[in-house]
K.L.:
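Structure incoming, see below.
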Amino acid sequence: MSGEPAATISFDDFLKVDIRVGTVVEARPFPEARKPAFQLFIDFGPGIGIKKSSAQITVNHTLEDLVGRQVAAVVNFPPRQIGPIKSEVLTLGFPDADGEVMLFGPGRKGPDGGRLY
């Protein structure tokens, strides 16, 4: 991804993107994915529930360090078929110095399902 900023959007456009915090309750290998990835099962609390995500995070994360970790994800994109699973949310991250994904989440634990503002 480029370091250039994206096109300007309105605040109303930003509000359409529903970014929530959730806790990874299960993480599995995903050998069927084209690029190395994990399957994440993320609990977004009683209003949204547990959602699946395919995440290409195998360079900076291990299955063991994922369970119990809070992450941020877009919860209102349509599901996307990734190999044999439907990825229901887009888990968010930033690039490290080599361009590999590092997960994004809060610095302290908060309630699952909290919306970004």
K.L.:
V21, V24: one ILVMFWY side-chain cluster at the under-4.5 Å cut-off?
P.N.:
no
K.L.:
Are any of the side-chain heavy atoms of T58 and F30 separated by less than 4.5 Å?
P.N.:
no
K.L.:
Run I57 and L40 through side-chain contact (heavy atoms from CB on, under 4.5 Å) and show every step you take.
P.N.:
CA-CA 10 Å; I57 56 172; L40 304 179; 4.2 Å; yes
K.L.:
Ring centres under 6.0 Å, that's the criterion: do F104 and F94 meet it?
P.N.:
yes
K.L.:
For E88 and K51, work out which heavy atoms get closest and say how close.
P.N.:
OE1-CA, 3.3 Å
K.L.:
When hydrophobic residues are tied together by side-chain contacts of less than 4.5 Å, even through go-betweens, does L92 share a cluster with V17?
P.N.:
yes
K.L.:
V89 and F77: side-chain contact (heavy atoms from CB on, under 4.5 Å), yes or no, with the steps?
P.N.:
CA-CA 7 Å; V89 298; F77 283 155; over 6 Å; no
K.L.:
Taking side chain as C-beta onward, heavy atoms only, is V59 less than 4.5 Å from V101?
P.N.:
no
K.L.:
Between I42 and V25, does the side-chain contact (heavy atoms from CB on, under 4.5 Å) criterion hold? Intermediate values first, please.
P.N.:
CA-CA 6 Å; I42 306 167; V25 294; over 6 Å; no
K.L.:
Is it possible for you to say whether F11 and L116 belong to one hydrophobic cluster, with membership spreading through side-chain heavy-atom contacts below 4.5 Å?
P.N.:
yes
K.L.:
Same cluster for V74 and I9 if Ile/Leu/Val/Met/Phe/Trp/Tyr side chains link at under 4.5 Å?
P.N.:
yes
K.L.:
To the nearest 0.5 Å, what is the distance between CD (Q56) and NZ (K35)?
P.N.:
5.5 Å
K.L.:
How long is the span from the CD1 atom in I48 to the CZ atom in R20, to the nearest 0.5 Å?
P.N.:
4.0 Å
K.L.:
Distance from S53 atom OG to R80 atom CZ, nearest 0.5 Å?
P.N.:
10.5 Å
K.L.:
Measuring from S54:OG to K86:NZ, what's the distance to the nearest 0.5 Å?
P.N.:
13.5 Å
K.L.:
Any chance you could measure Q39, atom CD, to L66, atom CG, to the nearest 0.5 Å?
P.N.:
12.5 Å
K.L.:
Might you point out which heavy atoms bring G99 and P95 nearest each other, and give the distance in Å?
P.N.:
CA-CB, 3.9 Å
K.L.:
I'd like to know if the side chain of E100 reaches the main chain of M102, judged simply by a donor and an acceptor atom lying under 3.5 Å from each other, with no hydrogens or angles considered.
P.N.:
no
K.L.:
Just checking, is any N or O donor in the side chain of T23 or D43 under 3.5 Å from an acceptor N or O on the other one?
P.N.:
no
K.L.:
Which atoms form the tightest heavy-atom contact between H61 and L103, and what is the distance?
P.N.:
NE2-N, 3.0 Å
K.L.:
If you round to the nearest 0.5 Å, how far is CD1 of I82 from CD of E32?
P.N.:
12.0 Å
K.L.:
So which heavy atom on P106 is nearest to which on Q70, and how close?
P.N.:
CG-OE1, 3.6 Å
K.L.:
Stepwise, does the side-chain contact (heavy atoms from CB on, under 4.5 Å) test hold for I50 with E26?
P.N.:
CA-CA 10 Å; I50 296 174; E26 185 178 352; over 6 Å; no
K.L.:
Between F44 and A73, what is the shortest heavy-atom contact and its length?
P.N.:
CZ-CB, 3.7 Å
